[in-house]
Amino acid sequence: MGMAIGQVQFTQRLEVESHRADEDFFLLPREGGLVGFRMKAETPYGKKNSFQYFTADFQLNAETPLEKKLDDFYELVGFDLDRELLYVLFNKGSQYNDEKAIFEINLEERTLTELLVSSILEMELQDFLVFNKKAVFMGKYDYRPVIQIFDIETKEIVTVPGLFEKDARILQMRKDPELNVFDVVMSRRDTRKNKIVSVLTYDTNGNKLREVKIEDLGNPSMEIVEGLLTSSNNYKQALIGPYGLKKKEAYQGLYFTKINEFGEYTNRFYNVSDFDNFYNYLPEKVQEKRWKRIKKRLDKGKNTPIRNVVVTREIQAINGYYLIYNDHFTSSSSKYVPRDGMYASNFYRLNPMMGGYGGTYNPLWLDPRLRSAQTLDQYKFLAAQFILLDEDGNIVWDNSLSLNNTNKIEPMKFGELIFNGNNLFYMYLDEEALMLSQINDGELVMENEPYEIELVNENERIAETMERSLQLIWWYDNYYLLSGKQKIRYQGEDGREKSREVNFFTKIKVDDFI
């Protein structure tokens, strides 16, 4: 294969006037482009009493942001996008009041409707989904999982049955607007302390349509740690994630559970020795030593546990194949190992924006163990692992990229990927540099190539970039979107140097340069 050089082009840029003290925008890709929104104060350090949003097309053409003045206490606690309707959830009145408000924003017509919700349980909210005029609230109440459905048109509230159990935890919730259902991945322990993971499917009236109990793993000492559920294709789905041994090592490898339309399932398990390139992120000599040790253990009939944390971040289903992206990291906290269904990814959706927000963390998306002000746990990221499976779970290829032992305060998803079936691009932010890697048909083409952030207008200069405000997401096709706050220097019409502070949104194209 001829060498290809991944090329990064900064193609278009949108700016919204901002002060460095302003909140960063929450960004969501949508069918026609993207939507951004935030809370805003009239003065840089004043009370945040305005809600601001804008939409842009794929060329980053946008109209002036719209603002709604808020005459009461509003705390933004959740959001979701349902086609052309953006839903933003607020606590209203005071932080001790249980009243909530939902803004329903029609992005095409640029209209905003406020809906009041007063009968939802005072739960510790963990996820908020909206589809087909139904809002789904998921959280904890009295230390137990609870889901309530709010009908936006009739204002009726339904509590979903079969979840409110003492030792139960919800690992993931995902909506399927086409089928008008949502799936819940839940773990609980039976009377013998055996862990059972169930995939439950509900309609929007709270009726349970299907339950798949994944309790037969073929080995009584094995258990699922966590997992991500793929979208439904003809009612067929896959659940993929790490597994471990009960009361022993948390991470033994990866499992692949294939669920058919009748709710029947088959499991496949993979350990380190199944992935030829598992240790590719290490120097060659260290790799050789590791593989020698693994072979010795295999000859004695022993598996090799994975000492670091393994989190399945993303699964892309393309033409009957599954691309899996795992992050591997270590934690300085011995409490971190996410046993008993604690969801290490820290958020319940695959939406890449759940989490970061440039350093200002919304408590809704923050792991409860990280909410304490005393928490200074460091997470050292070792590698990003990519695995391509066929529909039966056979490994087509695997590879790993080094993440250079990068320290982070939060265990969030590390990077963003683009995959078209052959070519895989993986990009992440390293301070103010963009790091790009490329894998083609499983072969490493380029690893951690740095690119500086550039402006589209060559007559302007970056005076300052607020590093903590930077966010990178995959947008569509082979385009990423980089956003954040910057101070820009430029020459005024009078010839004097001037500057402006902005929230910028830059479209980045990544392709092969041959």
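Values in this document were obtained by computation on a predicted structure and should not be read as measured data.
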message = Under the criterion side-chain contact (heavy atoms from CB on, under 4.5 Å), I'd like the reasoning laid out for Trp474 against Leu417: C-alpha separation, chi angles, the key distance, then a yes or no.
response = CA-CA 7 Å; Trp474 168 73; Leu417 65 92; over 6 Å; no
task = Could you give me the CA-CA distance, side-chain angles and deciding distance for Phe128 and Phe137, then say whether ring pair (Phe, Tyr, Trp, His ring centres under 6.0 Å) is met?
result = CA-CA 5 Å; Phe128 172 70; Phe137 295 79; 5.3 Å; yes
ask   = What do the steps show when you test Val510 against Gln7 for side-chain contact (heavy atoms from CB on, under 4.5 Å), and what is the final call?
value = CA-CA 6 Å; Val510 179; Gln7 188 182 41; over 6 Å; no
query = Does the salt bridge (charged side-chain N to carboxylate O under 4.0 Å, His left out) test come out yes or no for Arg20 and Glu464, once each step is laid out?
reply = CA-CA 11 Å; Arg20 67 175 60 217; Glu464 185 186 0; 2.7 Å; yes
task = Take Ser483 and Leu470, measure what side-chain contact (heavy atoms from CB on, under 4.5 Å) needs, and give me the verdict at the end.
result = CA-CA 6 Å; Ser483 64; Leu470 292 175; over 6 Å; no
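For Ala21, the side-chain contact (heavy atoms from CB on, under 4.5 Å) test picks out His19, Tyr45, with sequence neighbours left out. The side-chain contact (heavy atoms from CB on, under 4.5 Å) check on Pro177 picks up Arg83, Phe131, Asn132, Lys175, with sequence neighbours excluded. Scanning for salt bridge (charged side-chain N to carboxylate O under 4.0 Å, His left out) contacts around Lys133 gives Glu104, with sequence neighbours left out. With sequence neighbours left out, the side-chain contact (heavy atoms from CB on, under 4.5 Å) criterion links Asn457 to Asn459, Glu460. Evaluation of the side-chain hydrogen bond (donor to acceptor under 3.5 Å, both in side chains) rule for Asn448 yields Tyr428, Ser437 as partners, not counting sequence neighbours. Residues passing the side-chain contact (heavy atoms from CB on, under 4.5 Å) test with Ile462 are Ile453, Leu455, Thr465, Gln486, Ile488, sequence neighbours excluded. Applying the side-chain hydrogen bond (donor to acceptor under 3.5 Å, both in side chains) test to Lys487 and every residue at least two apart in sequence or in another chain returns nothing. Partners of Tyr202 under the side-chain hydrogen bond (donor to acceptor under 3.5 Å, both in side chains) rule, at least two apart in sequence or in another chain, do not exist in this structure. When the salt bridge (charged side-chain N to carboxylate O under 4.0 Å, His left out) test is applied to Lys485, the partners found at least two apart in sequence or on another chain are Asp24. In this structure, the side-chain hydrogen bond (donor to acceptor under 3.5 Å, both in side chains) partners of Asn423, at least two apart in sequence or on a different chain, are Gln438, Asn440, Asp512.
Classification of the Phe381-Phe329 ring pair by plane angle, with boundaries at 30° and 60°, yields tilted.
For the salt bridge (charged side-chain N to carboxylate O under 4.0 Å, His left out) condition, the pairs that include at least one residue of residues 8-17, sequence neighbours left out, are Arg13-Glu15, Glu15-Arg500. Residue pairs meeting the salt bridge (charged side-chain N to carboxylate O under 4.0 Å, His left out) criterion with at least one member in residues 112-121, sequence neighbours excluded, are Lys92-Glu114.
Evaluated for a side chain to side chain contact (heavy atoms under 4.5 Å, CB included) with Ile387, the options Leu323, Val396, Asn326 yield exactly one hit, Asn326. For the ring-ring contact (aromatic ring centres under 6.0 Å, His included) with Phe103, the qualifying choice from Phe37, Tyr87, Tyr53, Phe90 is Phe90, the only one to do so.
Separation of the Phe505 and Phe25 ring centroids falls under the 6.0 Å cut-off. When ring centroids are compared, Trp475 and Phe58 come within the 6.0 Å threshold. Remark: aromatic rings of Phe425 and Phe419 are distant, center separation not under 6.0 Å.
The pair Glu153-Lys134 fails the salt-bridge criterion, with no side-chain N (NZ, NE, NH1 or NH2) lying under 4.0 Å from an Asp/Glu carboxylate O.
Once rounded to the nearest 0.5 Å, the distance linking CD of Gln237 with CD of Glu261 reads 11.5 Å.
Between the side chains of Thr406 and Asn404, no donor N or O sits under 3.5 Å from an acceptor N or O. Using a 3.5 Å distance cut-off with no hydrogens or angles, the side chains of Gln316 and Glu314 do pair a donor with an acceptor.
With Asn205 contributing its side chain and Asn207 its backbone, the two residues share no donor-acceptor pair below 3.5 Å.
The cationic group of Lys507 does not satisfy the cation-pi geometry with Phe10, failing either the under 6.0 Å distance to the six-membered ring centre or the 45° limit from the ring axis.
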